[in-house]
Participant: 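What follows is a structure written as structure tokens; I'll ask about it next.
Worth knowing before you read on, the calculation uses all heavy atoms, side chains too, and leaves out hydrogens, waters and symmetry mates. In this text, all values refer to a predicted model and were calculated from it rather than measured experimentally. All chains are named by letter (A, B, ...) in the order of the sequence lines, taking the proteins before the strands, and each is independently numbered beginning at 1.
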Amino acid sequence: MHDLRSLRHDPDRLITSQRRRRGDVDAVATLMALDQEHRNCQLQIDSLRQQRNEASKAIGARKQAGEDASAQMEAVRKLGDELKAAENRMQDCQSEREALLMTLPNILDASVPDGADEETNQLVRDSGPVPPMDFEPKAHDEIGVSLGLLDFERAARLTGSRFVVLKNWGAKLERALANFFLDQNTARGYTEVLPPYMVNRETMTANGNLPKFEEDLFGVNFKDYFLIPTAEVPLTNLYRGEILDKEQLPMYMTAYTPCFRAEAGAAGRDTRGIIRQHQFSKVELVKIVEPEHSFEELEKMVADAEHLLQLLELPYRVMLLCSGDTGFNAAKTYDIEVWFPSQGKYREISSCSNCTDFQARRGMLRYRPEAGASTVFPHTLNGSGLPIGRTLAALIENYQQADGSLKVPKALQQYLGGAEVIA
RNA sequence: GGAGGGAUGGCUGAGUGGCUGAAAGCACCUCUUUGCUAAAGAGACGUACCGAUUAUAUCGGUACCGAGGGUUCGAAUCCCUCUCCCUCCGCCA
């Protein structure tokens, strides 16, 4: 959410950003007009209320003195009617303004390169040349099924498409990866959190998933709750509405949760394998930091995610997303992409974003820089560190051997009872 | 699911229609006294929005006592709905 006051002062910042995002530019002017109208209403209401407060006080004084006040009371009653009408006008105006405001994405950072789509994303660095394979690599789902790690058919029976059952070493690998990621992240200063997996509408709205992206979410029947699409949602909302002490920042959190996504716009994409599922597990990283450090904290978060891939010895590259590809909440996003031999290309495995004060403002999350000072919105950051499903897929593909068996990455062996090969 | 009790400022906690944006205490901040610390004394001390302006300071106004709605000239205070917390009973794990 944007700060209306600074927007009034400088709407061009948002207009420029919208143009760069290939987003709705006219909406900004509409918003400013609604805002002006709303302020006019408020001015009128404040003055009416002032009149009423003063008149009511006078009535009280007269009554106390034992005088008659019925004429004054009648006058204030009329004032009250006028006030109610004005309040209704303001309410309408305000809800219209809020509705529009909530659909406008964050302002892009100046360092984000211009471009329409992922074609223009910039390569920042990679882990070096992809190691050659001396046989034709198979797809992860083919290997996973033949080794008895993945079962798509029975998952479809239980639920439907885009679900999978993990069995034997598949299930153990999930647990091993989750523990490995959490251990690494906590060693690097992140506090482990286990949040609820379903949240209410306010939480989804503060995070930025609502009102705009409801079709991407799974709702819950009996209540107005939603299954989380990522642990980012509960983590960024954990301190919603609070005023934090400066000493509490920077705050680093990590959480292992299932994630649920409707994948409404992804029909026909990645239908094979476990790259794109309605349910997957992920270890998430979230930071709440002071504004002046947020961009260096973003670099550190990317390094934290990279560190995991380095330990797993998976080939990857880091991309800086261009303006048109950067998500709704983010001012700046790095994607980390991991190598998939069977596809002969890199695929997204982690997306690390600095959301600046966009989410903090939606959730009224603030901190006090020093005693007595006024409150400031901190910056929130989120990134995957890392998703279990896609990591598992990448591991299977990159660690496959010619005989169809799977080597176990050194870093994971201690989490799998010392196993070195899965066959 | 049944019965009852709660929700007030950073915290504790008064307050059943106007003098309450809110007593009192604690914490925090400033100043005074003291060689330092401790202690004591004095003062300041919520958040948001709007407006004025020598515009991150100051002044004026408005709103906010869990959320929403209602009664009233006027509500923290009365009524209704909801949410959350606590206690007891039942049920499930």
Participant: Just how far, in rounded Å, is C1' of B:C49 from CG of A:D35?
Facilitator: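 So the two atoms are 11 Å apart, to the nearest Å.
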Participant: Would you indicate what A:R62 reaches in the nucleic acid, counting non-hydrogen atoms under 4.0 angstrom: base, sugar-phosphate, or nothing?
Facilitator: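 Counting heavy atoms under 4.0 Å across all strands, no contact is made by A:R62.
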Participant: If pairing requires Watson-Crick or G-U wobble contacts with both distances under 3.5 Å, which nucleotide is the partner of B:U87?
Facilitator: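 Partner of B:U87: B:A3.
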Participant: I'd like a table of atom pairs between the protein and nucleotides 56-61 of chain B - only N or O on both sides, under 3.5 Å - with the distance next to each one.
Facilitator:
{"residue": "B:G61", "atom": "N2", "partner": "A:D46", "partner atom": "OD2", "Å": "3.3"}

Participant: In whole Å, what separates the P atom of B:C59 from that of B:A7?
Facilitator: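 To the nearest whole Å, 35 Å.
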Participant: For residues 412-423 of chain A, which side-chain N or O atoms pair as donor and acceptor with protein atoms under 3.5 Å away, sequence neighbours left out?
Facilitator:
{"residue": "A:Q413", "atom": "NE2", "partner": "A:V408", "partner atom": "O", "Å": "3.1"}
{"residue": "A:Y415", "atom": "OH", "partner": "A:D183", "partner atom": "OD2", "Å": "2.6"}

Participant: Can you see whether A:K332 engages A:S111 through a side-chain donor-acceptor pair at a distance of less than 3.5 angstrom?
Facilitator: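 A pair is found: one side chain offers a donor N or O, the other an acceptor, under 3.5 Å apart.
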Participant: Specify the separation, in whole Å, of atom CG of A:D224 and atom C1' of B:C82.
Facilitator: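 That distance rounds to 14 Å.
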Participant: To the nearest Å, give me how far apart CG (A:L48) and P (B:C50) are.
Facilitator: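 Computing the A:L48:CG to B:C50:P distance gives 18 Å.
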Participant: With distance as the sole criterion, is a donor-acceptor pair present between the side chains of A:Y334 and A:Q122 under 3.5 Å?
Facilitator: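 No, no side-chain donor-acceptor pair sits under 3.5 Å.
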Participant: Can you spot which of A:R125, A:E306, A:E337 makes a side-chain contact (heavy atoms from CB on, under 4.5 Å) with A:R317?
Facilitator: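 When A:R125, A:E306, A:E337 are each tested with A:R317, the side-chain contact (heavy atoms from CB on, under 4.5 Å) holds only for A:E337.
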Participant: Can you work out whether A:V76 or A:R5 has the more 5'-proximal nearest nucleotide on RNA chain B?
Facilitator: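 Nearest-nucleotide comparison on RNA chain B picks A:R5.
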Participant: How does protein contact run along nucleotides 16-22 of chain B, one letter per nucleotide 5' to 3', with B for base contact, S for sugar-phosphate only, - for none, heavy atoms under 4.0 Å?
Facilitator: --B----
Participant: Could you check how far CD of A:Q51 sits from P of B:G74, rounded to whole Å?
Facilitator: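 Between P of B:G74 and CD of A:Q51: 14 Å.
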Participant: Give the C-alpha distance, both sets of side-chain angles, the deciding distance and a yes or no for side-chain contact (heavy atoms from CB on, under 4.5 Å) between A:I274 and A:F280.
Facilitator: CA-CA 8 Å; A:I274 57 174; A:F280 62 96; over 6 Å; no
Participant: Could you give the distance separating B:C11 and B:C91 at their C1' atoms, to the nearest angstrom?
Facilitator: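 The same atom, C1', in both gives a distance of 38 Å.
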Participant: Quick check: are there more than 12 heavy atoms from other residues, nucleotides or ligands sitting under 6.0 Å from CZ of A:R175?
Facilitator: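 Counting other residues, nucleotides and ligands, CZ of A:R175 stays at 12 neighbours or fewer.
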Participant: Using the P atoms only, state how far B:A63 lies from B:G6, rounded to an integer number of Å.
Facilitator: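 29 Å, rounded to whole Å.
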Participant: Pick the nucleotide of RNA chain B nearest each of A:R97 and A:G80; which residue has the one closer to the 5' end?
Facilitator: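 In this pair, the answer is A:R97.
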Participant: Would you say the ring centroid of A:F295 lies under 6.0 angstrom from that of A:H379?
Facilitator: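 That pair fails the under 6.0 Å test.
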Participant: Quick one: A:L83 CG to B:C73 P, roughly how many Å, whole number?
Facilitator: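 For the pair A:L83 CG and B:C73 P, the rounded distance is 14 Å.
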Participant: For atom P, what is the distance between B:U87 and B:C28, given to the nearest Å?
Facilitator: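 The answer is 32 Å between these two P atoms.
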Participant: Provide, to the nearest angstrom, the distance between the OH atom belonging to A:Y367 and the P atom belonging to B:C28.
Facilitator: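 These atoms are roughly 22 Å apart.
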Participant: Distance check, C1' atoms only: B:U72 and B:G17, in whole angstrom units.
Facilitator: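 One C1' to the other, the span is 9 Å.
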Participant: How many whole angstroms separate atom CD of A:E54 from atom P of B:C73?
Facilitator: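 That distance rounds to 19 Å.
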Participant: Phosphate oxygens OP1/OP2 of B:A48: is one of them under 4.0 Å from a side-chain N or O of A:R361?
Facilitator: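 So the side chain of A:R361 is outside the cut-off, no N or O lying under 4.0 Å from OP1 or OP2 of B:A48.
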Participant: Measure centre to centre between the rings of A:F358 and A:F328, then say whether the value is under 6.0 Å.
Facilitator: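 That pair passes the under 6.0 Å test.
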Participant: Quick one: list whatever passes side-chain hydrogen bond (donor to acceptor under 3.5 Å, both in side chains) with A:Q279, sequence neighbours left out.
Facilitator: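 Here no residue qualifies.
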Participant: Check nucleotides 67-72 of chain B against the protein and report each pair of N or O atoms closer than 3.5 Å, with its distance, or say if there are none.
Facilitator:
none

Participant: With a 3.5 Å limit on both atom pairs, tell me what B:C73 is paired to, counting Watson-Crick and G-U wobble, or say none.
Facilitator: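 Checking every strand shown, B:C73 finds its partner in B:G18, with both distances under 3.5 Å.
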Participant: Salt bridge check, A:D270 against A:R162: does any charged N sit closer than 4.0 Å to a carboxylate O?
Facilitator: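 Looking at A:R162 and A:D270, the cut-off is not met.
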Participant: Taking atom types as modelled, find out whether A:E290 and A:Y367 have a side-chain donor-acceptor pair closer than 3.5 angstrom.
Facilitator: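 Yes, A:Y367 and A:E290 have a side-chain donor paired with an acceptor closer than 3.5 Å.
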Participant: If we call it a pair only when both distances are under 3.5 Å in a Watson-Crick or G-U wobble match, what pairs with B:C92?
Facilitator: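 Its partner is none (no Watson-Crick or G-U wobble pair with both distances under 3.5 Å).
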Participant: If I pick the P atom on B:U12 and the same atom on B:G90, what distance separates them, to the nearest angstrom?
Facilitator: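 Result for the P pair: 32 Å, nearest Å.
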Participant: When the C1' atoms of B:G21 and B:A14 are considered, how many whole Å apart are they?
Facilitator: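 That atom pair is separated by 15 Å.
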Participant: Tell me the partner of B:U62, counting only Watson-Crick (N1-N3 plus N6-O4 or O6-N4) or G-U wobble (N1-O2 and O6-N3) with both under 3.5 Å; none if nothing fits.
Facilitator: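 Base-paired to B:A48.
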Participant: For the pair made of CZ in A:R366 and P in B:G10, what is the distance, rounded to whole Å?
Facilitator: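 For the pair A:R366 CZ and B:G10 P, the rounded distance is 10 Å.
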Participant: Would the number of heavy atoms belonging to other residues, nucleotides or ligands and lying under 6.0 Å from NZ of A:K212 be above 12?
Facilitator: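 More than 12 heavy atoms, drawn from other residues, nucleotides or ligands, come within 6.0 Å of this atom.
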Participant: Go through the side-chain N and O atoms of A:N329 and A:N106 and say whether any donor and acceptor fall under 3.5 Å apart.
Facilitator: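 Their side chains do not contain a donor-acceptor pair, so the 3.5 Å distance test is not met.
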Participant: List for me each residue that meets side-chain hydrogen bond (donor to acceptor under 3.5 Å, both in side chains) alongside A:K84, sequence neighbours excluded, and say none if there are none.
Facilitator: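 side-chain hydrogen bond (donor to acceptor under 3.5 Å, both in side chains) list for A:K84, sorted by chain: empty.
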Participant: So what's B:A40 paired with, Watson-Crick or G-U wobble, going by both distances under 3.5 Å?
Facilitator: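 Pairing partner, where one exists within any strand: B:U32.
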Participant: Rounding to an integer number of angstrom, what distance separates B:G43 and B:G25 when you compare their P atoms?
Facilitator: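 The same atom, P, in both gives a distance of 12 Å.
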